[in-house]
Amino acid sequence: MKKKKLISLFMAMGMALSLAACGSSSSGAAESAATSAASEAAASSAAESAAESAAPSGEFAGTITLGVIGPMTGTLAVYGTHVSNGVELAVEQINAEGGVVLDGKAYELATDTKDDQGDSTECLNAMNALISDGVELVVGSATSGCTSAITSVANSEGVVLITPSGTADALTTEMDYVFRTCFKDSFQGELAAKYAADNGYTKVGIVYCSADTYSAGLRDAFSASCAELGVEVVAEESVATMTDVDYTNQFNKMVSAGAELVFIPFYYDVTGPYLVPQARQAGFTGVLLGCDGVDNTETTIPEGADLSVYNNFYFINHYAEDLAATDVSAAFVSAYKDKYGEAPNNFDALGYDSVLVYKKAMEAAGSSAAADVQAALADTSVVYEVASGKFSFDETGTPIKSGVLMGYSYNDGDTTVTKSSIQALEVE
């Protein structure tokens, strides 16, 4: 995308990237001068003015590198590549607008991207490589399992980690270096159970992977919320791995138990080719309800498949372009389509949001040092206006935000399934 066009788009996002009053300190190439309490207000005003006019010709005082970790290859590559797309778009826009302004000087953003292949060991290797390179601010990983492999390293080494889509509750804890731009599994499970209750489903089933952090955590949250809402779990079946390809027995039991809705916390790579078709083949005609991990299922539907089986297949998600009604979201969607030639999904948005959050935190702190950025992010009073909406962090570094319900549908004569947003979801 041409620089002039990027500047025009990014000006529409002005308030989303304005300074917030958090903390201050310094780091590496982006050192900020200490100021006395008496001069803080003047310094803040000067920084805001500098942010509007710094580096108009692309001349930067230095470079701040963001590490990016995710599955760029392998069966979960759609997650990593879309997170990376969102990150790169945000970096491109920020640099075109004048960079990150610290102490009146503009710094260019750059990225150092590592492929974890969806594997925890590779993710740890990637994190260690970034730390060896001196990177202090990291976006990643895309999955809860991989992210859980690097949270302790982030905290022990003092490296800020923002996971765009790692939803497991335990990933973030109070006052540490780990944050996220997605909601957490317990909230996602609550949204799913509330959807079931609100729509009159009194008998539900669960098919999940007992050995997976993501799947088991969502099962626990959904089951607990169903009990609170008076929704009966009439059948529950598990598989051994997230890559199982046979769900026939599990859905035979769902049918026998009379389940009207079945909760399926899996990833898109098995829902498209295996889980959904086998559920229908077993005679289950009710609602299949997944979570954010099944987004992109449409990319894994086998050629020649009976597309009608994907009707009544819904999922909880973080973002839908027509339901995220902010100026930032509108500008993001337009810029993404211009750059990549397609509509963004939730992983694009959450990767993009992670960079916007970093920019605001750095400018509020007047520093790119990990300790200073962490302190800025830990300020729960700050409101972030990003592509997926508006949120503040809670005391654990998890956004307080709403979700959306999305679904797949097929009409006779269509050549593909249609993915669309249905409604915004909130827990009262």
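It should be emphasised that the depicted structure is a prediction, and the values quoted were computed from it without experimental measurement. In what follows, every heavy atom counts, from backbone to side chain, and hydrogens, waters and symmetry copies are set aside.
Aromatic pair Tyr208/Phe266: ring centres not closer than 6.0 Å. Between Phe183 and Phe391, the distance from one ring center to the other does not fall under 6.0 angstrom. In this structure, Tyr268 has its ring center closer than 6.0 angstrom to the ring center of Tyr79. When ring centroids are compared, Tyr274 and Tyr247 stay outside the 6.0 Å threshold.
From Thr285, atom OG1 reaches atom CD of Glu260 across 10.5 Å, with rounding to the nearest 0.5 Å. Residue Leu323 holds its CG atom at 9.5 Å from OG of Ser329, rounded to the nearest 0.5 Å. Taken to the nearest 0.5 Å, the CD1 atom of Ile422 stands 6.5 Å off from the OH atom of Tyr195. Rounding to the nearest 0.5 angstrom, the gap separating the CD atom in Glu395 from the OG1 atom in Thr172 is 9.0 Å. Note: Asp116 CG to Thr73 OG1 = 8.5 Å, rounded to the nearest 0.5 Å. Here the straight-line distance linking atom CZ of Phe315 with atom CG of Leu289 works out to 10.5 Å at 0.5 Å rounding.
Side-chain atoms of Asp295 and Asn317 include a donor-acceptor pair closer than 3.5 Å. A donor-acceptor contact under 3.5 angstrom links the side chains of Thr243 and Thr241, judged on distance only. Counted by atom type alone, Ser308 and Asn311 present zero donor-acceptor pairs between their side chains at under 3.5 Å. Defined by atom type and a distance below 3.5 Å, a donor-acceptor pair is missing between the side-chain atoms of Ser392 and Thr380. A donor-acceptor pair shorter than 3.5 Å can be found between the side chains of Ser367 and Asp372. Counting only N and O atoms by type, the side chains of Ser141 and Thr147 include no donor and acceptor under 3.5 Å apart. In the model, Asp292 has no side-chain atom that pairs as donor or acceptor with a side-chain atom of Asn346 under 3.5 Å. The closest side-chain donor-acceptor pair between Glu232 and Thr202, if any, does not fall under 3.5 angstrom. Judged by distance alone, the side chains of Thr398 and Arg180 do bring a donor and an acceptor atom under 3.5 Å apart. Thr418 and Ser409 share no side-chain donor-acceptor pair at under 3.5 Å. When only modelled atom types and interatomic distance are considered, Ser388 and Asp353 share a side-chain donor-acceptor pair under 3.5 Å.
Under the 3.5 Å distance criterion, the side-chain polar atoms of Thr151 are left unmatched by any main-chain donor or acceptor of Leu171. Under a 3.5 Å cut-off, the side chain of Ser256 and the backbone N or O of Asn252 do form a donor-acceptor pair. Distance alone, capped at 3.5 Å, places no donor-acceptor pair between the Glu237 side chain and the Val207 backbone.
Between Ser215 and Met242 the shortest heavy-atom distance is CB-SD, 3.7 Å. In plain terms, the two heavy atoms of Glu321 and Pro344 that are nearest each other are OE1-CD, 4.2 Å. For Leu137 against Ala370, the heavy-atom pair with the smallest separation is CD2-CA, 4.2 Å.
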Starting from the C-alpha separation in whole Å, work towards a yes-or-no answer on ring pair (Phe, Tyr, Trp, His ring centres under 6.0 Å) for Phe222 and Phe263.
CA-CA 8 Å; Phe222 178 75; Phe263 185 57; 4.1 Å; yes
Tyr352 vs Phe332, test: ring pair (Phe, Tyr, Trp, His ring centres under 6.0 Å). Steps then yes/no.
CA-CA 8 Å; Tyr352 184 90; Phe332 161 70; 4.5 Å; yes
Check the pair Asn85 / Tyr340 against side chain to side chain contact (heavy atoms under 4.5 Å, CB included), numbers first and verdict last.
CA-CA 8 Å; Asn85 283 350; Tyr340 297 109; 3.6 Å; yes
Applying side chain to side chain contact (heavy atoms under 4.5 Å, CB included), run through Ile316 and Leu405 and close with a yes or a no.
CA-CA 5 Å; Ile316 310 298; Leu405 179 73; 4.1 Å; yes
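The side-chain tip of Lys390 does not point at the ring of Tyr384 from less than 6.0 angstrom away and within 45° of straight on.
Salt bridge annotation for Lys253-Glu236: absent, with no cationic side-chain nitrogen under 4.0 angstrom from a carboxylate oxygen. In this structure, Lys114 pairs ionically with Asp112, as a charged nitrogen and a carboxylate oxygen lie closer than 4.0 Å. With respect to Lys194 and Glu190, no salt bridge is recorded, no charged nitrogen being found less than 4.0 Å from a carboxylate O. Checked for salt-bridge contact, Glu298 and Lys419 meet the test: a charged N lies under 4.0 Å from a carboxylate O.
Under a cut-off of 6.0 angstrom, the local environment of CD in Gln423 is crowded, with over 12 non-hydrogen atoms contributed by other residues, nucleotides or ligands.
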